[in-house]
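Structure first, then comments.
All heavy atoms count here, side chains included; hydrogens, waters and symmetry mates do not.
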Amino acid sequence: MSQFDELAPQQLFKALESATTTASLPKLATLLDAIRFNEDGLIPAIAQQHDTGEVLMMAWMNREALEETLTTQRVCYFSRSRQKLWRKGETSGQQQRLKSAALDCDGDTLLVQVEQTGPACHSGRRSCFYVSLGADSAKITSEPLIDPATLYGKKAP
């Protein structure tokens with residue numbers, strides 16, 4: 001049993017601030033109970049390519065998506081528009097395999113380091129972050145790797 005197991009969920013992340021790398025952490029379920037999901041039951045999840053550090057995308061997870069991701073090692077998100085689980089790559093084939101997952105210090109943001117197959121973005125680009133902003137202008141920083149119509153099996157108009 002860990003010294004953290006008896007803490008109320010709202011106290012856990014504050015207590016973890018002083019924890020060392022040798023600390024005995026609470027059970028996974030206790031940590032998941034303490035995550036600060038928003039009012040819709042979601043937490044932002046930032047996907048990063050594990051070996052290059054490239055930030056690929058941000059999506060949302062609910063507890064079920066997070067648990068599935070940790071169990072299967074295949075990244076699963078929650079689609080707000082469809083109101084259901086979204087297993088990355090189920091339509092496009094561009095999957096994310098989980099390499100590691102980490103919560104931030106407040107327990108309200110998740111970083112998933114992944115092995116991305118092909119583009120991560122629905123636009124066919126490697127990363128969703130391709131619109132670069134400057135003081136008085138913006139520019140596109142990358143070309144699509146795959147035409148989105150091809151990526152999702154749609155016929156071009």
Side-chain angles (χ1 to χ4, degrees), residues 9-10 12-14 16-17 25-157:
Q10 63 273 21
L12 181 58
F13 284 97
K14 184 67 176 164
L16 289 174
E17 289 177 6
L25 294 182
K27 297 174 190 155
L28 182 60
T30 301
L31 274 170
L32 296 181
D33 287 344
I35 289 176
R36 294 183 177 147
F37 292 99
N38 70 14
E39 59 277 354
D40 296 321
L42 303 173
I43 185 173
I46 301 165
Q48 179 181 42
Q49 178 65 30
H50 76 99
D51 53 355
T52 66
E54 178 184 21
V55 176
L56 301 170
M57 58 180 281
M58 191 290 287
W60 297 93
M61 286 188 182
N62 62 9
R63 183 168 177 155
E64 183 181 3
L66 177 53
E67 288 175 336
E68 180 175 315
T69 296
L70 295 173
T71 301
T72 67
Q73 302 293 291
R74 181 175 172 197
V75 181
C76 178
Y77 299 105
F78 183 81
S79 170
R80 294 179 300 164
S81 61
R82 293 175 282 181
Q83 290 293 298
K84 67 177 194 168
L85 294 181
W86 159 43
R87 291 156 187 92
K88 182 69 174 156
E90 66 188 350
T91 305
S92 69
Q94 310 305 305
Q95 296 182 7
Q96 292 177 346
R97 292 284 174 199
L98 183 69
K99 294 293 187 174
S100 68
L103 289 163
D104 76 334
C105 58
D106 296 321
D108 64 4
T109 304
L110 183 67
L111 175 65
V112 288
Q113 293 195 324
V114 302
E115 177 68 42
Q116 174 68 49
T117 303
C121 184
H122 76 279
S123 70
R125 291 173 172 84
R126 175 80 178 155
S127 170
C128 292
F129 298 96
Y130 61 88
V131 180
S132 177
L133 305 176
D136 59 2
S137 66
K139 69 177 187 173
I140 302 297
T141 59
S142 67
E143 299 293 332
L145 301 173
I146 300 173
D147 179 337
T150 303
L151 188 62
Y152 293 97
K154 298 176 186 170
K155 302 273 186 203

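With contacts defined as side-chain heavy-atom distances shorter than 4.5 Å, the pair Pro119/Arg125 does not qualify. Contact of the Trp60 side chain with the Asp40 side chain is not registered, since no non-hydrogen atoms from C-beta on lie closer than 4.5 Å. The shortest distance between side-chain heavy atoms of Leu25 and Thr30 does not fall below 4.5 Å. Side-chain atoms of Ser81 and Ser79, non-hydrogen and from C-beta on, do get closer than 4.5 Å to each other.
By the neighbour-count criterion of 12 heavy atoms within 6.0 Å, atom CD of Glu143 is sparsely surrounded, having that number or fewer from other residues, nucleotides or ligands.
For the side-chain hydrogen bond (donor to acceptor under 3.5 Å, both in side chains) with Glu115, the qualifying choice from Lys99, His50, Arg97, Gln96 is His50, the only one to do so. Shown are Gln116, Glu54, Gln113, Arg126; of these, the side-chain hydrogen bond (donor to acceptor under 3.5 Å, both in side chains) with Gln49 is made only by Arg126.
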Applying side-chain contact (heavy atoms from CB on, under 4.5 Å), run through Asp33 and Leu12 and close with a yes or a no. CA-CA 10 Å; Asp33 287 344; Leu12 181 58; over 6 Å; no

Take Asp104 and Leu111, measure what side-chain contact (heavy atoms from CB on, under 4.5 Å) needs, and give me the verdict at the end. CA-CA 8 Å; Asp104 76 334; Leu111 175 65; over 6 Å; no

With side-chain contact (heavy atoms from CB on, under 4.5 Å) as the criterion, how do Glu90 and Arg74 come out once you've worked through the C-alpha distance, each side chain's angles and the decisive distance to 0.1 Å? CA-CA 11 Å; Glu90 66 188 350; Arg74 181 175 172 197; 4.2 Å; yes

Going through the checks in order, is the side-chain contact (heavy atoms from CB on, under 4.5 Å) test met by Val112 and Ile46? CA-CA 6 Å; Val112 288; Ile46 301 165; over 6 Å; no

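The shortest non-hydrogen separation linking Pro9 to Ala34 is O-CB, 3.5 Å. Of all the heavy atoms in Pro148 and Gly124, the pair that sits closest is CG-N, 4.3 Å. The two residues Arg87 and Leu85 come nearest to each other via the heavy atoms NH2-CD1, 3.5 Å. Listed here is the closest heavy atom pair of Leu42 and Phe78: CD2-CD2, 3.6 Å. For the pair Ala120 and Cys128, the tightest heavy-atom approach, listed with the atom from each and the gap, is O-SG, 4.5 Å.
The CE atom of Met61 lies 5.0 Å from the OH atom of Tyr77; values are rounded to the nearest 0.5 Å. We find the CG-CG distance between Leu28 and Leu66 to be 7.5 Å, quoted to the nearest 0.5 Å. Note that the CD1 atom of Ile43 and the CZ atom of Phe37 stand 5.5 Å from one another [nearest 0.5 Å]. Atom OG of Ser127 is separated from atom CE of Met58 by 12.5 Å, given to the nearest 0.5 angstrom. From Met57, atom CE reaches atom SG of Cys121 across 8.5 Å, with rounding to the nearest 0.5 Å. Between atom CD1 of residue Ile35 and atom CZ of residue Arg63 there is a gap of 7.5 Å, rounded to the nearest 0.5 Å.
Here the side chain of Thr109 pairs no donor or acceptor atom with the backbone of Pro44 at under 3.5 angstrom.
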